[in-house]
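I have placed the structure first, in the form of structure tokens, so that the comments after it can refer back to it.
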Amino acid sequence: MSVPHGFLGFALRRALGALVTLLAISVLVYLVFYAAPGDVAQITCGPRCSPAQVQQVAQQLRLDDPLYVRYLHFLQGLFAGHDYSTGTSVEHCPAPCLGLSYQSDQQVTRLILAKLPVTASLALGAMALWLLLGVSAGVLAVWRRGRLEERVLTGITLAGWATPVFVIGLLLMILVCGQLRWLPFPQYVPFTDDPEQWAWNLLLPWLSLALIEAAKYARLTRAAMLETLAEDHVRTFRAYGVGERAIVRRHALRGAVGPLIALNANDLGSLFGGAVLTESLFGLPGIGRELVHAVNVVDLPVVVGMVLLTGFFVVLASAVADVLYAVADRRTVLS
């Protein structure tokens, strides 16, 4: 099956736009963290560093060079890697090199990669649940519009949208783990060690995130479907005798696909950058929990790496969503 030239050009434009956006994010992050007033070397190294270590960090950051040279050096690490002096030897940090953690003496990239499977497990499982619950609730609200079921679902989604995730998580732990004893308190188990225990231990974190997000998806699905049902072509289908169930399934739900793709991409990209509250609440050793620790101990390279990672996933998810949206609606390619 051949790929239309218009679609290929659209995908290339989105890829180029994503690359430019990532470059702009890297400039902004560098200026905020490494060009701010104050002793950058001391802040980067952390409060426990000796004067000799601070001086070594200043040399590695090339603080005597002009700002644009320092940024290009930072950018070089992302695309080509860096060599770092550890005092007795030289350590190579391969691309994408996000620097060294001066608190744990680890490469930030390795530190992130070690935490990423936990956050990915949390994000993907929660996404599957919030799409299932949210879209189903939205479709049901439209199908039963004007009746008691719609009002009940609208009230539930409003309450879910207004409830913080840590409140839902605490209530679930107290009820499910404490009172009913249906599940043990969550403790992350790698998927490769025991898939069943991996799923059982992530069930409560998944639900905590999914119940909050599903409310948003239910409202969006309902609003988009109702807007589609009010269009002229839907009234034409009704006039020709097309059943309401077929109209809802084939036409109204299709009209909600685009907004759902865009919203899901943003939410998933943000989650891959770290679900700080959820991971901290359930003690999951993911990126969000590591970010909290890095902020507490003033581990600036780790903080910078986490911020860049979040930006990368958000931009990547947005670009993929644009392409999927174009697949679902070819009119996007021509716009």
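Since the model is a prediction, treat every value here as computed from it, not as a measurement.
Nearest heavy-atom pair, V118 versus P285, reported as atom, atom and distance to 0.1 Å: CG2-O, 3.6 Å. When every heavy atom of T119 is checked against every heavy atom of G288, the shortest pair comes out as OG1-N, 4.4 Å. Listed here is the closest heavy atom pair of V142 and M225: CG2-CB, 3.8 Å. The two residues V292 and S280 make their nearest non-hydrogen contact at CG2-OG, 4.1 Å. Nearest heavy-atom pair across A214 and L133 is CB-CB, 3.9 Å. Contact record, S26 with L75: OG-CD1, 4.1 Å, taken as the closest heavy-atom pair.
Counting only distance, with no hydrogens or angles, the side chain of Q197 and the backbone of V189 share no donor-acceptor pair below 3.5 Å. Checked by atom type and distance alone, the side chain of W182 never pairs as donor or acceptor with a backbone atom of L175 at under 3.5 Å. Between the side chain of T109 and the main chain of P96, a donor-acceptor pair closer than 3.5 Å is present. In this structure a side-chain-to-backbone donor-acceptor pair under 3.5 Å is present from E279 to I287. Checking side-chain atoms of R181 against main-chain N and O of V176 turns up no donor-acceptor pair under 3.5 Å. Distance alone, capped at 3.5 Å, is enough to place a donor-acceptor pair between the R70 side chain and the Y34 backbone. No side-chain donor-acceptor contact under 3.5 Å links T157 to the backbone of A218.
Tracing side-chain contacts under 4.5 Å through hydrophobic residues (I, L, V, M, F, W, Y), one never reaches L260 starting from L140; they form parts of separate clusters. I174 and L211 fall into different hydrophobic clusters, where Ile, Leu, Val, Met, Phe, Trp and Tyr are joined by side-chain heavy atoms under 4.5 Å apart, directly or via other members. Residue I156 is not grouped with residue L171 when hydrophobic side chains (ILVMFWY) are merged at heavy-atom distances under 4.5 angstrom, including chains of intermediate members. The cluster map of Ile, Leu, Val, Met, Phe, Trp and Tyr, joined by side-chain heavy atoms under 4.5 Å apart, puts V20 and L12 in different clusters. In the hydrophobic clustering of ILVMFWY residues, with side-chain heavy atoms under 4.5 Å counting as a link, V57 and V297 come out apart.
Under the ring-ring contact (aromatic ring centres under 6.0 Å, His included) criterion, Y71 pairs with Y30, not counting sequence neighbours.
Here the options are L209, N264, D267, the test is side chain to side chain contact (heavy atoms under 4.5 Å, CB included), and the partner is M127; only N264 passes. The side chain to side chain contact (heavy atoms under 4.5 Å, CB included) test with C97 singles out one residue from H82, Q107, H92, and that residue is H82.
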Next on the checklist: Between L124 and L268, does the side-chain contact (heavy atoms from CB on, under 4.5 Å) criterion hold? Intermediate values first, please.
Outcome noted: CA-CA 8 Å; L124 294 175; L268 186 61; 4.3 Å; yes
Item to check | Residues L284, R289; criterion side-chain contact (heavy atoms from CB on, under 4.5 Å); working and verdict | outcome: CA-CA 7 Å; L284 300 176; R289 190 179 176 192; 6.0 Å; no
Item to check | Intermediate values then yes/no, side-chain contact (heavy atoms from CB on, under 4.5 Å), M173 and F282 | outcome: CA-CA 9 Å; M173 280 199 292; F282 290 100; 3.5 Å; yes
Checklist entry - Is there a side-chain contact (heavy atoms from CB on, under 4.5 Å) between F272 and V314 once you walk through the steps? => result CA-CA 8 Å; F272 262 89; V314 169; over 6 Å; no
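Considering only heavy atoms from C-beta on, R222 stays 4.5 Å or farther from L153 through its side chain.
Atom CG of residue L28 and atom CG of residue L308 lie 10.0 Å apart, to the nearest 0.5 angstrom. A distance of 11.5 Å separates CG in L202 from OG1 in T278, rounded to the nearest 0.5 Å. Here the straight-line distance linking atom CD of Q42 with atom CG of L300 works out to 11.5 Å at 0.5 Å rounding. For the atom pair OG1 (T154) and CZ (R151), the distance works out to 9.0 Å, reported to the nearest 0.5 Å. With rounding to the nearest 0.5 Å, the separation of CD in E290 from CG in D299 is 8.0 Å. The distance from the CG atom of L281 to the CZ atom of F166 is 9.0 Å, given to the nearest 0.5 Å.
Atom CG of D64 has 12 or fewer neighbouring heavy atoms from other residues, nucleotides or ligands inside a 6.0 Å radius. Around the CH2 atom of W198, the shell of radius 6.0 Å holds more than 12 heavy atoms that belong to other residues, nucleotides or ligands. Heavy atoms of other residues, nucleotides or ligands lying less than 6.0 angstrom from CD of E231 number more than 12.
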